[in-house]
Amino acid sequence: MSRPAGPLVPEVVGRSFFDRPAEVVAPELLGCVFTHVSAEGPVGVRLTEVEAYEGERDPASHAFRGRTARNAVMFGPPGYAYVYFTYGMHFCVNLVCLGEGTASAVLLRAGEVVEGVDLARARSRPGAPVRDLARGPARLTKALGIGRDLNGADVCGVAGPLRLYAPEPGGSATVEVGPRTGVAAAPDVPWRFALAGEPTVSPYRRHAPRNRR
DNA sequence: TGCATGATGTTCT
DNA sequence: GAACATCATGCAC
């Protein structure tokens, strides 16, 4: 498609983009700008690190044991946000891939805040450097102000609070591939994708088993 | 600079 | 009742 020359109006990513396996969608999400417009204002994050999760063939996925009330969104149509609560205090956000009945999703792990920096910082910690605001999946949702109420929100709709914009053309970035971070199961599957050389990308950490008391 | 640990709630077995 | 796709903090070196 074409658009008239003028100010940069980034294109909203369409639903067909997500109607593909997560491990295919994931690397293409890098560089996209994910925005949440709330009552407080807009915050946008340029994605620098993501992870792919498949359904029943991926033991690290929430959908591994089949459909439940919590992961129902993952089994739904593509282009929606799956938000879940974990570790008693953190939210993480996924973008659902593939069609109805297939649990495929991409976890957004980290990004660089490119819009609404002040708001993002206020939600995080005053004085925090910009590159720390969305470094890590839980911080990313915090910076964007994403909570449980956005579970199942449409990412492809122009009217919704969540939107995903295609990266500006011309930027060729090197994509780094590696094992997923922090997962207890299938730690060696290379489905973690990151932009090389980005300071917002968290260092690789293997899942740390917790001592029980 | 790097590791170990506690906080905290939802979900599933 | 245990595990968990995490983060911030404290302490050792």
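In what follows, chains carry the letters A, B, and so on, assigned in the order in which the sequence lines appear, proteins first and then strands, with residues in each chain numbered from 1.
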**Q** Do the side-chain N and O atoms of A/Ser104 and A/Glu54 include a donor-acceptor pair separated by under 3.5 angstrom?
**A** yes

**Q** Return the value, rounded to whole Å, for the distance between atom CZ of A/Arg135 and atom C1' of C/dA8.
**A** 13 Å

**Q** Would A/Arg20 count as a cation-pi partner of A/Phe17, with NZ or CZ less than 6.0 Å from the six-membered ring centre and within 45° of the ring normal?
**A** yes

**Q** Could you work out, with side-chain contact (heavy atoms from CB on, under 4.5 Å) as the rule, every residue matching A/Ala138, not counting sequence neighbours?
**A** A/His90

**Q** Give the rounded distance in Å between these two atoms: OH of A/Tyr84 and C1' of B/dC12.
**A** 15 Å

**Q** Is it true that atom CZ of A/Arg131 has more than 12 heavy atoms of other residues, nucleotides or ligands lying nearer than 6.0 Å?
**A** no

**Q** Want to settle it: does A/Met89 or A/Arg148 sit nearer the 5' end of DNA chain B, counting the closest nucleotide to each?
**A** A/Met89

**Q** Between A/Arg180 and A/Phe193, is NZ or CZ placed under 6.0 angstrom from the six-membered ring centre and within 45° of the ring axis?
**A** no

**Q** Is any side-chain N or O of A/Tyr87 under 3.5 Å from a base N or O of B/dA7, one able to act as donor and the other as acceptor?
**A** no

**Q** So, is A/Arg109 close to the C/dT6 phosphate, meaning a side-chain N or O under 4.0 Å from OP1 or OP2?
**A** yes

**Q** Test of understanding: with side chain to side chain donor-acceptor pair (under 3.5 Å), list the residues that count as partners of A/Ser124, not counting sequence neighbours.
**A** none

**Q** Rounded to whole angstrom units, what separation is found between the CZ atom of A/Phe91 and the C1' atom of B/dT8?
**A** 12 Å

**Q** Which dot-bracket string fits DNA chain C when only Watson-Crick or G-U wobble pairs with both atom distances under 3.5 Å count, crossing pairs get [ ], and | stands for a partner on a different strand?
**A** ||||.|||||||.

**Q** Listed in order of residue number, which residues of residues 62-77 of chain A have a non-hydrogen atom at under 4.0 Å from DNA chain B?
**A** A/Arg65, A/Thr68, A/Arg70

**Q** For C/dA8, does OP1 or OP2 lie under 4.0 Å from any side-chain N or O of A/Arg139?
**A** yes

**Q** Could you state the atom-to-atom distance from CZ of A/Arg125 to P of C/dT9 in whole Å?
**A** 4 Å

**Q** Could you state the CG-P distance from A/Asp132 to C/dT6, rounded to the nearest angstrom?
**A** 17 Å

**Q** Show the atom names and distances, to 0.1 Å, of all donor-acceptor pairs under 3.5 Å that link a side chain in residues 37-45 of chain A to residues at least two apart or in another chain.
**A**
from: A/Ser38; atom 1: OG; to: A/Glu40; atom 2: N; distance (Å): 3.2
from: A/Ser38; atom 1: OG; to: A/Gly41; atom 2: O; distance (Å): 3.3
from: A/Glu40; atom 1: OE1; to: A/Arg123; atom 2: NH1; distance (Å): 2.5

**Q** Students often get this wrong, so: under 4.0 angstrom with heavy atoms, is A/Ala138 touching a base, only sugar-phosphate, or nothing?
**A** sugar-phosphate

**Q** Only pairs at least two apart or in different chains count here, so list each side chain to side chain donor-acceptor pair (under 3.5 Å) that has a residue in residues 66-82 of chain A.
**A** A/His62-A/Tyr82, A/Thr68-A/Asn71

**Q** Flag the pair A/Val50 / A/Arg109 as yes when at least one side-chain heavy-atom distance between them is below 4.5 Å, and no otherwise.
**A** no

**Q** Please report the distance, rounded to the nearest Å, between CG in A/Leu133 and P in C/dA8.
**A** 11 Å

**Q** In whole Å, I'd like the distance from the CZ atom of A/Phe85 to the P atom of B/dA7.
**A** 16 Å

